[in-house]
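Structure record follows, encoded as structure tokens.
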Amino acid sequence: MPAHPPTAEILAIGNELLLGEVVDTNTAWLCRFFTGLGGKVQRAVVLPDEVEAIAAELQGALRRAPALVFTTGGLGPTEDDRTLAAVAMATGRPLEEHPEALRMVAARYRELAAAGFVAEPDLTPPRCKMAMLPRGAIPLDNPVGAAPGVLLPLERTLLVCLPGVPEEMKAIVQSSLAPHLQARLGRAGFAELRLLTDCGDESRLAPLLGEVGRAFPHVYIKSRARAFGPQVRIQIYLSAAAPTPEEAQALVEEAGRHLEGRLAEAGVYAERLPAL
């Protein structure tokens, strides 16, 4: 039987998200990334750039004790970048200038100045602000932007603070964060399968999906209907997490074959779609 997958919560931070000025694509990307590691995102919220609001949400997350908590946004040099101040409040760990983080920031601004992207490389107070980390934190190199990511190991949860710029967030996760996640999560597996049916009536599919879901309780099975109409073709999504990629794939394949058989018996044609 597959082990319970590690869980995560995501806090997307920024007034611009709540004003509708910026679309939060970071949460969707992190959900897919973490699921691909065999984990399960159990909560995601969008918060303003307010220290008290962020700290309160962090404290709630830490009480629930997921394996990981991700935050995105609020790591930059401006006064409204307040995520790390909120982390300090929530965890009782004061902000301190981190020598390695300061070295990362200084190196980045030397590169930016040499390229002509900024006027001078000096470590001004706003730039030094990005090297003020909660006590015990580990800076994560940002190969795209200036603000380092932040890794804070806590008693039961690994807290990961990432920039809000999607390119920076993805680059940190896929490079400097990756070894830490592997050490924390081990070799986890995730697999998925998508079927496209010639059925436009989700209520017709529901009993079949319920039957297969009960037979394969460790496989998530969901139909995705977008509209009604004679040209509508409903897609069915199957996914599973397991200790290894091979086990996850085996679960999805077995459930998929069973579902394809039941659909055929019901007169519903289904074709497999390429993996995303």
Side-chain angles (χ1 to χ4, degrees), residues 5-50 53-54 57-58 60-61 64 66-76 81 83 86-87 140 142-145 147 149-151 157-178 180-182 184-185 188-196 202 219-227 234-242 245 248-249 252 273-276:
T7 58
E9 298 193 18
I10 301 171
L11 282 60
I13 297 164
N15 293 336
E16 66 277 12
L17 303 176
L18 291 170
L19 291 171
E21 295 175 354
V22 174
V23 176
D24 175 24
T25 60
N26 288 337
T27 294
W29 190 91
L30 283 170
C31 285
R32 187 161 185 83
F33 173 83
F34 190 68
T35 301
L37 295 178
K40 179 181 180 181
V41 176
Q42 60 184 10
R43 182 179 172 88
V45 298
V46 181
L47 299 169
D49 292 302
E50 298 174 4
I54 301 167
E57 188 65 37
L58 276 171
R64 291 185 289 272
L68 277 92
V69 171
F70 294 98
T71 73
T72 63
L75 301 187
D81 290 315
T83 297
V87 171
L140 299 171
N142 183 344
V144 175
V150 177
L151 182 71
T157 298
L158 193 64
L159 176 58
V160 181
C161 301
L162 300 165
V165 177
E167 292 76 12
E168 296 183 33
M169 182 272 299
K170 294 175 187 178
I172 292 173
V173 170
Q174 294 173 328
S175 59
S176 50
L177 179 61
H180 298 280
L181 291 182
Q182 185 175 14
R184 185 84 175 196
L185 302 178
F190 173 78
E192 60 186 358
L193 173 64
R194 295 184 301 146
L195 301 175
L196 183 64
E202 193 173 28
V219 178
Y220 173 72
I221 304 174
K222 176 65 178 176
S223 56
R224 292 179 173 171
R226 299 182 184 275
I234 293 177
Q235 187 177 138
I236 301 172
Y237 175 82
L238 300 88
S239 67
Q249 187 65 42
V252 166
L273 295 175
L276 293 175

Single hit among [options] for side chain to side chain contact (heavy atoms under 4.5 Å, CB included) with [X]:
| X | options | result |
| --- | --- | --- |
| Cys161 | Val150, Ile172, Leu151 | Val150 |
| Leu11 | Thr72, Leu159, Leu47, Thr83 | Leu47 |
| Val173 | Leu30, Asn26, Val160 | Leu30 |

Tell me every residue that passes side chain to side chain contact (heavy atoms under 4.5 Å, CB included) with [X], counting only those two or more places apart in sequence or in another chain.
| X | result |
| --- | --- |
| Ala44 | Ile10, Thr27 |
| Tyr220 | Lys222, Tyr237, Ser239 |
| Val144 | Asn142, Glu167, Glu168, Ala171 |
| Leu18 | Val46, Pro48 |

What's the spacing between [X] [atom1] and [Y] [atom2] if we round to 0.5 Å?
| X | Y | atom1 | atom2 | value |
| --- | --- | --- | --- | --- |
| Ile13 | Glu57 | CD1 | CD | 9.5 Å |
| Leu177 | Lys170 | CG | NZ | 15.5 Å |
| Ile54 | Thr71 | CD1 | OG1 | 8.0 Å |
| Leu68 | Leu181 | CG | CG | 6.0 Å |

Q. What residues, two or more places apart in sequence or in another chain, satisfy side-chain hydrogen bond (donor to acceptor under 3.5 Å, both in side chains) together with Asp49?
A. none

Q: Just jot down the side-chain hydrogen bond (donor to acceptor under 3.5 Å, both in side chains) partners of Ser223, sequence neighbours excluded, or say none.
A: Glu202

**Q.** Criterion side chain to side chain contact (heavy atoms under 4.5 Å, CB included) on Ile236 and Leu238, from CA distance to verdict
**A.** CA-CA 7 Å; Ile236 301 172; Leu238 300 88; 4.1 Å; yes

**Q.** Gln249 and Glu192: CA distance, side-chain angles, deciding distance, side chain to side chain contact (heavy atoms under 4.5 Å, CB included) verdict
**A.** CA-CA 7 Å; Gln249 187 65 42; Glu192 60 186 358; over 6 Å; no

Q: Can you tell me which residue pairs pass the ring pair (Phe, Tyr, Trp, His ring centres under 6.0 Å) test with a partner in residues 8-30, sequence neighbours excluded?
A: Trp29-Phe33

Shortest non-hydrogen contact from [X] to [Y]?
| X | Y | result |
| --- | --- | --- |
| Pro163 | Leu75 | N-CD1, 3.6 Å |
| Thr25 | Pro166 | OG1-CG, 3.9 Å |
| Pro274 | Arg194 | O-NH2, 2.5 Å |
| Phe34 | Pro6 | CE2-O, 3.4 Å |

**Q.** Audit row: Thr35, Lys40, side chain to side chain contact (heavy atoms under 4.5 Å, CB included) steps and yes/no
**A.** CA-CA 6 Å; Thr35 301; Lys40 179 181 180 181; over 6 Å; no

Q | Side-chain heavy-atom pair Glu9, Val41 within 4.5 angstrom cut-off | A | no

Q) Are Asn15 and Leu17 close enough, and set up right, to give a side chain to side chain contact (heavy atoms under 4.5 Å, CB included), and what steps lead you there? A) CA-CA 5 Å; Asn15 293 336; Leu17 303 176; over 6 Å; no

